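Structure first, commentary second.
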Amino acid sequence: MNGPHDLGGQMGFGPVSPETDEPYFHAEWEKRALGITLSCGAFGAWSIDESRHARECIPPANYLSASYYEIWIRALEVLLERHGFVTGSEIAEGHSKMQAAQPKRILTVDKVAAVLAKGGPCDRSVESAPLFSVGQRVRTINEHPAHHTRLPRYARDKVGMVEAVQGSFVFPDDNAHGKGENPQWVYTVVFDGQEIWGRGSEPGLTISVDAWESYLESV
């Protein structure tokens, strides 16, 4: 969706200023925010794609004025309420008031290291062969869906070249909304800078996008 997170190419936000030697956390509460988010994610009630979409759906004024972990917590509150683990009034009051849904799994201390080491692989096999091959010219679709998508707004309706076939992975557009994993082939597509940003683009600039197969059309 064209939410507040999709900022590539947007003007008016000032220059990007990467922080030198950026710490993992800027405040102690951020450590707890990370831990709570991962622990709740281990419940098995939602996918990483649904959690991303929950962050995208935060109203722009709230999203753009929040820090990174504030965004995580605000989206987590939505997910917990959506899946019956808490109510809005319980969050507001800070007290449990009713019987909540039971998680499928609980991440206990002894399991944390192994779970983090395993991560959340999303590569899946598909029976069909890739529709596109390395070196082939392709065009991205021009759609602006209200649902979750991993195709950035600036890269829609653009012509590029397939640089690599990365394998097959869970399709986030469906998985974010409980429609199944429906894996697809994923391609690295390279675009010339002028195709994306126009004549004012830096000479020689290229932009690479990892695109699911249904994002692409033959040229």
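The shown structure was predicted, so the numbers you read here are calculated from the model rather than taken from an experiment. The first residue in the sequence is number 1, and the count goes up from there.
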Are Arg150 and Asp173 within salt-bridge range, i.e. N to O under 4.0 Å?
no
Supply the atom-to-atom distance Cys40 SG to Leu80 CG, rounded to the nearest 0.5 angstrom.
4.5 Å
How about His144: does its NE2 atom have over 12 heavy atoms from other parts shown lying under 6.0 Å from it?
yes
Quick one: closest heavy-atom pair of Met1 and Ala146, and the distance?
CB-O, 3.4 Å
Could you work out, with salt bridge (Lys or Arg N to Asp or Glu O under 4.0 Å) as the rule, every residue matching Arg55, not counting sequence neighbours?
none
With rounding to the nearest 0.5 angstrom, report the CZ to CE distance, Phe191 to Met161.
11.0 Å
If you measure from the Lys or Arg side-chain nitrogens to the Asp or Glu carboxylate oxygens, is any gap between Arg124 and Glu181 under 4.0 Å?
yes
Run the numbers on His83 and Glu50 for side chain to side chain donor-acceptor pair (under 3.5 Å), then give the verdict.
CA-CA 12 Å; His83 290 276; Glu50 183 179 350; 2.9 Å; yes
Using the rule that two of Ile, Leu, Val, Met, Phe, Trp, Tyr join whenever any of their side-chain heavy atoms come within less than 4.5 Å, decide whether Leu205 and Val190 are in one cluster.
no
Would you confirm whether Gln184, through its side chain, and Ser214, through its main-chain N or O, come within 3.5 Å as a donor-acceptor pair?
yes
Of the non-hydrogen atoms in Arg74 and Asn62, which two are nearest, and what is the gap between them?
NH1-O, 3.0 Å
Enter the distance from Glu217:CD to Arg137:CZ here, rounded to the nearest 0.5 Å.
13.5 Å
Restricting to non-hydrogen atoms, name the atom on Val162 and the atom on Phe132 that form the minimum distance, rounded to 0.1 Å.
CG2-CB, 4.2 Å
What's the verdict on side chain to side chain contact (heavy atoms under 4.5 Å, CB included) for Ser168 and Val186, showing C-alpha distance, side-chain angles and the deciding distance?
CA-CA 6 Å; Ser168 50; Val186 172; over 6 Å; no
Do the side chains of Trp29 and Ile71 join up, straight or via other hydrophobic residues, at under 4.5 Å, putting them in one cluster?
no
Are side-chain heavy atoms of Leu79 and Ser51 found at a separation under 4.5 Å?
yes
Looking at the rings of Tyr154 and Trp197, which for Trp means the six-membered one, are their centres under 6.0 Å apart?
yes
Any non-hydrogen side-chain atom of Cys57 less than 4.5 Å from a side-chain atom of Tyr63?
no
Closest approach of Asp49 and Pro172, non-hydrogen atoms and distance?
OD1-CB, 3.2 Å
Does any non-hydrogen side-chain atom of Tyr215 lie less than 4.5 Å from one of Val209?
no
Give a yes or no answer on whether the side chain of Arg156 reaches the backbone of Ile141 with a donor-acceptor pair at less than 3.5 Å.
no
Donor-acceptor contact below 3.5 Å, side chain Arg139 vs main chain Ser218
no
Can you confirm whether more than 12 heavy atoms, excluding those of Glu19, are under 6.0 Å from its CD atom?
yes
Do Val165 and Leu216 sit in the same hydrophobic cluster, where Ile, Leu, Val, Met, Phe, Trp and Tyr count as joined when their side-chain heavy atoms come under 4.5 Å apart?
yes
Could you walk me through whether Glu28 and Arg32 pass side chain to side chain contact (heavy atoms under 4.5 Å, CB included), step by step?
CA-CA 7 Å; Glu28 282 297 307; Arg32 182 173 293 273; over 6 Å; no
Euclidean distance, Asp157 CG relative to Glu195 CD, rounded to 0.5 Å:
8.0 Å
Closest non-hydrogen atom pair, Thr140 against Leu151:
CG2-CD1, 4.2 Å
Taking Asn182 as the fixed residue, which of Val170, Asp174, Val126, Asn175 is the one that meets the side-chain contact (heavy atoms from CB on, under 4.5 Å) rule?
Asp174
When you measure from the side chain of Glu90 to the backbone N and O of Ser96, does any donor-acceptor pair fall under 3.5 Å?
no
Distance col, row Leu7:CG vs Gln10:CD, nearest 0.5 angstrom, shows 6.5 Å
Do Ile196 and Ser201 have side chains that approach each other closer than 4.5 Å (heavy atoms only, starting at C-beta)?
no
Test of ring centre spacing under 6.0 Å for His177 and His53
yes
How are the rings of Phe171 and Trp212 set to each other: parallel, tilted or perpendicular (split at 30° and 60°)?
tilted
Ring pair (Phe, Tyr, Trp, His ring centres under 6.0 Å) involving Phe43 - partner list, sequence neighbours excluded:
Phe85
A quick test of your reading: do over 12 heavy atoms of other residues, nucleotides or ligands sit less than 6.0 Å from CZ of Arg82?
yes
Sequence neighbours excluded, the answer for side-chain contact (heavy atoms from CB on, under 4.5 Å) partners of Leu34 is Phe25, Leu38, Tyr69, Trp72
To the closest 0.5 Å, what do you measure between CD (Glu213) and CG (Leu131)?
3.5 Å
Which pair of non-hydrogen atoms, one from Ser65 and one from Ala61, has the smallest distance, and what is that distance?
OG-O, 2.8 Å
Please check if any side-chain donor atom of Gln166 sits under 3.5 Å from a side-chain acceptor atom of Thr188, or the reverse.
yes
Determine whether more than 12 heavy atoms belonging to other residues, nucleotides or ligands lie under 6.0 Å from atom CD1 of Ile48.
no
